[in-house]
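As the structure lists them, so they are numbered: ligands from 1, and atoms in each ligand from 1. Below, each value reflects all heavy atoms present in this structure, side chains not excepted, and no hydrogens, waters or symmetry copies.
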Amino acid sequence: MSMRKIGILTSGGDSPGMNAAVMSVARSAAYYGIPLVGIKRGYNGLLRKRLDIREDLQELHLETVLDIADEPGTFLRTARCDEFRDPKYREIAVQTLRAMEIDGLVVVGGDGSFNGAKCLCEMGVPTIGIPGTIDNDLGYTEMTLGYDTAVNVCVDAIRKIRATSRSHDRPAVVEVMGRHCGDIALTAAVSTGSEIVVVPEVPWKVEDVARQLKRQLAKGNTRATIILAEGCYSAMAPFDLYGYLTTHGKPCYEGEPMSAVRFASVMKRMCGMVEARATVIGYVQRGAEPTARDSSFAFEAGNLAVRLLRDGISNQVIGMQKGRVMYMPIDEALRVKKRFNRRIYDLVNSL
Ligand code: ADP
């Protein structure tokens, strides 16, 4: 059966390159003469929550998407949709797709979105996933859309932080995103020559990091930089933050969780430094224009998604292996365990 229409949605956290992927799908669909429907706010658009249908579903003409390809963010919007975990609501989504004559769906998102896509596949909707997340937390693929851009934002920021740190002989603490995955922290650390990286994949102790920092200071490295992955606190050995800070002259409230700012305060006191500053890079990592690497991946992935659907191949996710764009069954991909690059981690922390 030929595809009457293809639908596309972006879901989960936004990532640079989502628009480029939509543009590529639109260009490829236009090339094969298949109309494309944009679904708004992730799976929400399929549940028809808005009174005006145009706020849920919109025919995507090439003319519209050509303007958005290089833009950060996602033109289709993205949102979480908790109802979609409930089969009753997924049934509504399938009905919407049938009513709109959408015979194939492209989902751009992370592992959560892929779980939603898998459910749709099981309900008979041919679906293709494109990995759109800055976190790089999917085991089956070497890169996810937005990861390279996020890393480059971090590299740019860390270089600037290290320049000012050196001017003041003042070590720095920098927290980067990545949820439970330390890849952004690791790649940003190794790309900037940062001295210490702390990630959720490796259990760690505050006292050990302080020892590492002291070693750098003893060598005269006064701009030593500690890169913290945002999820690293989950792998931290128990540490009495309140007890430590209040006995060292820093007000703190009981039960306060560890954070980059608090961590810098602790390092300052444990290492006897005059000052240590913390920077949380935050959402600029998600809102940057996609790098060439992310844009080209988006372009290839978007085209492949349309070709697969046109050829009757579905229930697959697209990724990158050994530097080449590939695809594999969605359920198989979701079972591949993410591997952490311990070799780079040890290298960064050892010199
Ligand atoms: P990401 O795709 O970035 O990992 P989330 O984990 O928030 O982001 O998932 C995005 C959306 O995917 C959720 O809001 C929900 O609509 C859908 N989703 C996530 N997990 C499931 C699941 N197990 N079953 C069905 N839908 C899911």
Side-chain angles (χ1 to χ4, degrees), residues 7-19 21-22 38-50 56-57 72-74 76-97 105-141 143-150 176-184 200 229-231 234 282-283 285-287 290 294 297-298 301 305 315-319 329-338:
I8 183 162
L9 59 85
T10 56
S11 166
D14 68 343
S15 68
M18 280 183 159
N19 280 331
V22 174
I39 296 148
K40 300 285 190 71
R41 306 178 312 284
Y43 292 112
N44 291 287
L46 290 176
L47 302 186
R48 297 289 333 278
K49 292 177 173 177
R50 302 281 168 102
D56 284 326
L57 303 143
T74 166
L76 291 175
R77 309 289 190 271
T78 181
R80 306 226 139 75
C81 175
D82 283 336
E83 299 100 310
F84 205 73
R85 294 167 196 271
D86 181 341
K88 189 172 75 210
Y89 285 94
R90 292 201 293 271
E91 196 51 57
I92 299 174
V94 173
Q95 281 167 17
T96 304
L97 290 164
L105 183 67
V106 181
V107 171
V108 189
D111 60 340
S113 306
F114 281 3
N115 272 302
K118 182 168 154 270
C119 294
L120 284 177
C121 295
E122 285 160 5
M123 295 169 84
V125 179
T127 304
I128 301 288
I130 295 177
T133 165
I134 65 164
D135 302 337
N136 209 36
D137 57 351
L138 294 162
Y140 79 94
T141 177
M143 70 177 282
T144 57
L145 202 52
Y147 169 66
D148 187 62
T149 308
V176 303
M177 287 177 128
R179 292 197 297 174
H180 49 269
C181 181
D183 279 22
I184 293 180
E230 70 176 340
S234 63
Y283 281 97
Q285 291 160 91
R286 292 228 307 235
D294 276 332
F297 178 47
N315 311 347
Q316 310 284 319
V317 285
I318 293 171
I330 192 161
D331 48 351
E332 221 175 279
L334 283 170
R335 283 198 300 271
V336 180
K337 207 171 164 326
K338 172 75 187 167

Check whether any side-chain heavy atom of T74 lies under 4.5 Å from a side-chain heavy atom of N19, and answer yes or no.
yes

How far is atom 16 (O) of ligand 1 from its nearest protein heavy atom, and which residue and atom is that?
C81 O, 2.7 Å

So is there a nitrogen or oxygen of G109 less than 3.5 Å from a nitrogen or oxygen in ligand 1?
no

At a 4.0 Å cut-off, with the gap strictly under it, does some heavy atom of T133 reach an atom of ligand 1?
no

Passes side chain to side chain contact (heavy atoms under 4.5 Å, CB included), N136 versus I184? Steps please.
CA-CA 8 Å; N136 209 36; I184 293 180; 5.8 Å; no

Knowing that exactly one of K338, K337, R179 qualifies, which makes a salt bridge (Lys or Arg N to Asp or Glu O under 4.0 Å) with D137?
R179

Is D56 salt-bridged to R41, cutoff N-O under 4.0 Å?
yes

Counting from 1, what ligand 1 atoms have a heavy atom of G13 closer than 4.0 Å?
3 (O)

By number and element, which atoms of ligand 1 are closer than 4.0 Å to a non-hydrogen atom of F84?
16 (O), 25 (C), 26 (N)

Sub-3.5 Å donor-acceptor pair from the side chain of E230 to the main-chain atoms of G178, do we have one?
yes

Check this for me: does any side-chain nitrogen of one of E122 and R90 sit under 4.0 Å from a carboxylate oxygen of the other?
no

Taking 4.0 angstrom as the limit, do D14 and R286 come out as a salt bridge?
yes

Check whether T78 reaches the backbone of G12 with its side chain - one donor and one acceptor, N or O, closer than 3.5 Å.
yes

When you measure from the side chain of S11 to the backbone N and O of G109, does any donor-acceptor pair fall under 3.5 Å?
no

May I ask you to identify the nearest protein heavy atom to atom 2 (O) of ligand 1, giving residue, atom name and distance to one decimal place in Å?
S113 OG, 2.5 Å

Side-chain contact test, heavy atoms from C-beta onward, threshold under 4.5 Å: evaluate it for L46 versus L97 and give yes or no.
yes

Going by the order shown, which atoms of ligand 1 are within less than 4.0 Å of some heavy atom of G116?
25 (C), 26 (N), 27 (C)

the protein heavy atom lying closest to atom 23 (N) of ligand 1 turns out to be N115 CB, 3.7 Å

the protein heavy atom lying closest to atom 5 (P) of ligand 1 turns out to be R80 NE, 3.6 Å

Under a 4.0 angstrom heavy-atom cut-off, which atoms of ligand 1 come close to R179?
4 (O)

Any N/O pair D111/ligand 1 closer than 3.5 Å:
yes

Enumerate the atoms of ligand 1 whose separation from the nearest heavy atom of G12 is less than 4.0 angstrom.
1 (P), 2 (O), 3 (O), 8 (O), 10 (C)

Is any N or O atom of Y43, backbone or side chain, closer than 3.5 Å to an N or O atom of ligand 1?
no

Classify the ring geometry of Y140 against F114: parallel below 30°, tilted from 30° to 60°, perpendicular beyond 60°.
tilted

Atom 20 (N) of ligand 1 - nearest protein heavy atom and its distance
R85 NH1, 3.2 Å

Quick one: does S11 get within less than 4.0 Å of ligand 1, heavy atoms only?
yes

Residue, atom name and distance, where the atom is the protein heavy atom closest to atom 6 (O) of ligand 1:
G112 CA, 3.5 Å

What residue and atom, counting heavy atoms only, is the protein's closest point to atom 24 (N) of ligand 1, and at what distance?
C119 SG, 3.9 Å

